[in-house]
Amino acid sequence: MGSTIRTKVINGQEYLYEITYYYDPVTKRTRQRSRYLGKSIDGKPVRVRDAARTPRSTFAYGDYLPLLAVIDALRLDALLSEHFPQAEAQMLLTLALNRVFSPLPLSQIEAWWEGTLLAHLCPDISLSPGTLSYLLESIGSSDLPLNFCRSFTRSQDSGGALLYALTLPSSWTDSISLFERNYNPDSPEMQQISLSLTVHRARGIPLWYEVYPGSIADVSALSHTIMALAGTGIQETALVMDRGFLSVANLDALLASPYEFVLPPTTTMKAMKQAYAALQATVGHPDNLYLYEGKALFVQETKLVVGDHSIAGFAYYSPSWEQQERESFYRQLHERMERLKEADLRPWMNPAEVAASVTGSYARYIAWMVDGDRFTVRTRPKAIAARVNRMGLTILLYRGDFTWESCLDLYREKDLVEKSFDILKGEIGLMPPYQESREMVKGMLFVVFLALIIRMAFRAKVHDTGLQKQYPVDHILLELSKLRMVELANGSLMITEVTEKQREILDALGIDPQEFVVRLGERKPVA
């Protein structure tokens, strides 16, 4: 018999029902069935319960849990709030987390933030490009980063530290005084800045950093760093440096300091060339054979005279290192030669400059001549032989109570920082800075330092729990990224189903996946 829609008013609210008429053979009368359609919203039926269960939005959640746990454990929010207003502290942590997850230009930070848990935890901060630029510039023109480093260092357990010196990515800019001409074999026309990074020896997290124009290998920069470290109260510090640091002046400064150190000598030193020549004949003796991480390693004690100093050291020779070095060297040599052959010389070009820009640090191994508008190229066998003969052989000089193994372990811990700077340049995304001022660069370096603390502390936590045996660190964040928070139409919150893998990871890290549902539920209804 058909149906019709009827509106009923209950407690002042309109509800819609579908009325269907039918014939009842028992009573022989027309009767009706009533079916509830929903609340009348703009004349259309909407079921209140269904509307409440309809997602209004979803946002990134699971992968933020372990990093927010790290921030809480290190009290980064509280320590930043000692030096910055609370809103600025939250902005800095937001920028740092962006550097960990998906590095973006300042103009895109706000759009990223809106799709994450962070927007619900700190809904009142401003992340407009102008606000962020002003914040970074004000930080870069102040002593706030140094003051924070002091507070952060004091907040950590006492223990030894490692001091590393590293070179930051090159920049094309000539207008920022932090950047100076420096030797960069791959991009000699670009500029660099350097910094020292102090890492907690036991926990593997950064404590302190300082920026230097040009090269920290200058003795005055090294002396300044040593004095700055002494002022922090850090004890049992070991300085771990690259071969560029070994000079008579720097060695005088090192030996006058109270710190242990480990560093390789530069291969250009006459004493070093003589030491290599002597060790090549003796280090591979079977009596010098050890196992290191399951692989054959030959170790021999040695001494090297630099100026008036005789420094103890260990010589290490590894057949596997030699093979890796040979493969890398010959591959790079071939690539540079082919690029030079393909270079198209124009009349206005200086051939020597073109060749230098292409060959870089491999220039000593490549001879070239100009034939018309092309290069003819050949190798320099004697130079190549001298380089190849040293492959697989490393010398580490040291001061301190080191065995051959502890000395090598300490130097290899440098890999931790180098990998961290790979993170800084890649994963965290410190690309060549195009900011317009010195202050902006320094402000961004502080953000990157915070990101480095968070990322390295997370890695240390993963290793402490043994999770890395089952899941690579990046895989952990990827797996947790599938866990999302859902905001329903009535404002209530819920999370998607926690998988078995996610539960295993979160349990190992000691994290409750419902934590922020509960925390945010204090402000919103919880599903």
Side-chain angles (χ1 to χ4, degrees), residues 59-60 64-65 67-156 178 195 205-211 232 424 428-430 433 435-458 515-516 519-520 522-524:
F59 48 92
Y64 287 82
L65 296 179
L67 301 186
L68 291 170
V70 164
I71 290 173
D72 286 344
L74 295 176
R75 299 183 58 251
L76 286 179
D77 194 357
L79 289 169
L80 283 169
S81 296
E82 292 178 6
H83 305 282
F84 301 91
Q86 180 64 26
E88 291 186 0
Q90 292 173 348
M91 291 163 64
L92 286 169
L93 287 175
T94 299
L95 285 173
L97 286 170
N98 175 259
R99 258 50 199 170
V100 174
F101 282 107
S102 53
L104 294 169
L106 296 184
S107 60
Q108 299 176 21
I109 295 292
E110 190 167 24
W112 159 81
W113 168 78
E114 289 173 347
T116 71
L117 168 66
L118 307 177
H120 297 260
L121 292 175
C122 309
D124 300 324
I125 61 176
S126 172
L127 296 172
S128 67
T131 301
L132 294 178
S133 297
Y134 177 79
L135 174 63
L136 294 177
E137 194 154 3
S138 63
I139 290 172
S141 60
S142 71
D143 292 330
L144 290 171
L146 177 62
N147 295 335
F148 170 81
C149 287
R150 288 172 177 159
S151 299
F152 184 64
T153 301
R154 288 194 297 267
S155 72
Q156 300 307 302
L178 272 177
L195 61 76
I205 59 174
L207 299 173
W208 186 283
Y209 78 102
E210 284 197 271
V211 182
T232 67
L424 184 150
I428 296 179
L430 182 63
Q435 285 86 353
E436 295 180 355
S437 70
R438 168 194 177 99
E439 289 73 21
M440 279 286 290
V441 173
K442 293 181 71 175
M444 183 56 72
L445 284 176
F446 180 59
V447 170
V448 171
F449 176 69
L450 293 176
L452 204 55
I453 291 174
I454 296 169
R455 186 64 185 250
M456 290 178 71
F458 171 60
E515 176 184 353
F516 288 99
R519 188 183 299 187
L520 293 172
E522 297 174 358
R523 301 197 296 263
K524 296 182 177 182

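Since this is a predicted model, take the numbers as computed values, not measurements.
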Handout entry: Test side chain to side chain contact (heavy atoms under 4.5 Å, CB included) applied to T116 and T94, step by step
Key = CA-CA 10 Å; T116 71; T94 299; over 6 Å; no

Testing the basics here: between [X] and [Y], what is the closest heavy-atom pair and its distance to 0.1 Å?
| X | Y | answer |
| --- | --- | --- |
| A451 | V100 | O-CG2, 3.8 Å |
| F152 | P206 | CE2-O, 3.1 Å |
| A96 | L450 | CB-CB, 3.8 Å |
| S107 | P129 | CA-CG, 3.6 Å |
| I71 | D77 | CG2-N, 4.2 Å |

Problem - Under 3.5 Å: donor-acceptor pair, side chain of N147, backbone of H83 - result: no

[X] side, atom [atom1]; [Y] side, atom [atom2] - distance, nearest 0.5 Å:
| X | Y | atom1 | atom2 | result |
| --- | --- | --- | --- | --- |
| L80 | Q90 | CG | CD | 10.5 Å |
| L135 | M440 | CG | CE | 9.5 Å |
| D124 | Q86 | CG | CD | 11.0 Å |
| M91 | C122 | CE | SG | 11.0 Å |
| S142 | K442 | OG | NZ | 8.5 Å |

Exercise for the section: Any chance you could lay out the side chain to side chain contact (heavy atoms under 4.5 Å, CB included) test for M444 and R99, step after step, and finish with the verdict? Expected result: CA-CA 10 Å; M444 183 56 72; R99 258 50 199 170; 3.8 Å; yes

Under 4.5 Å between any side-chain heavy atoms of [X] and [Y], yes or no?
| X | Y | answer |
| --- | --- | --- |
| L76 | F148 | yes |
| F59 | L118 | no |
| L127 | L106 | no |
| I139 | L92 | yes |
| E515 | L65 | no |
| Y209 | P145 | yes |
| E110 | L132 | no |
| I453 | L207 | no |

Problem - Stepwise side chain to side chain contact (heavy atoms under 4.5 Å, CB included) check, I205 with L74 - result: CA-CA 10 Å; I205 59 174; L74 295 176; 4.1 Å; yes

Problem - Residues Y64, F101; criterion ring-ring contact (aromatic ring centres under 6.0 Å, His included); working and verdict - result: CA-CA 9 Å; Y64 287 82; F101 282 107; 4.3 Å; yes

Handout entry: Set of residues satisfying salt bridge (Lys or Arg N to Asp or Glu O under 4.0 Å) with respect to E82, sequence neighbours excluded
Key =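 With neighbours one apart ignored, the set is empty.
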
Exercise for the section: Could you tell me which residues satisfy side chain to side chain contact (heavy atoms under 4.5 Å, CB included) with L146, sequence neighbours excluded, listed by chain and number? Expected result: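 Per chain and number, L146 pairs via side chain to side chain contact (heavy atoms under 4.5 Å, CB included) with R150, W208.
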
Problem - Candidate pair W113 and N98, rule side chain to side chain contact (heavy atoms under 4.5 Å, CB included), full reasoning - result: CA-CA 8 Å; W113 168 78; N98 175 259; over 6 Å; no

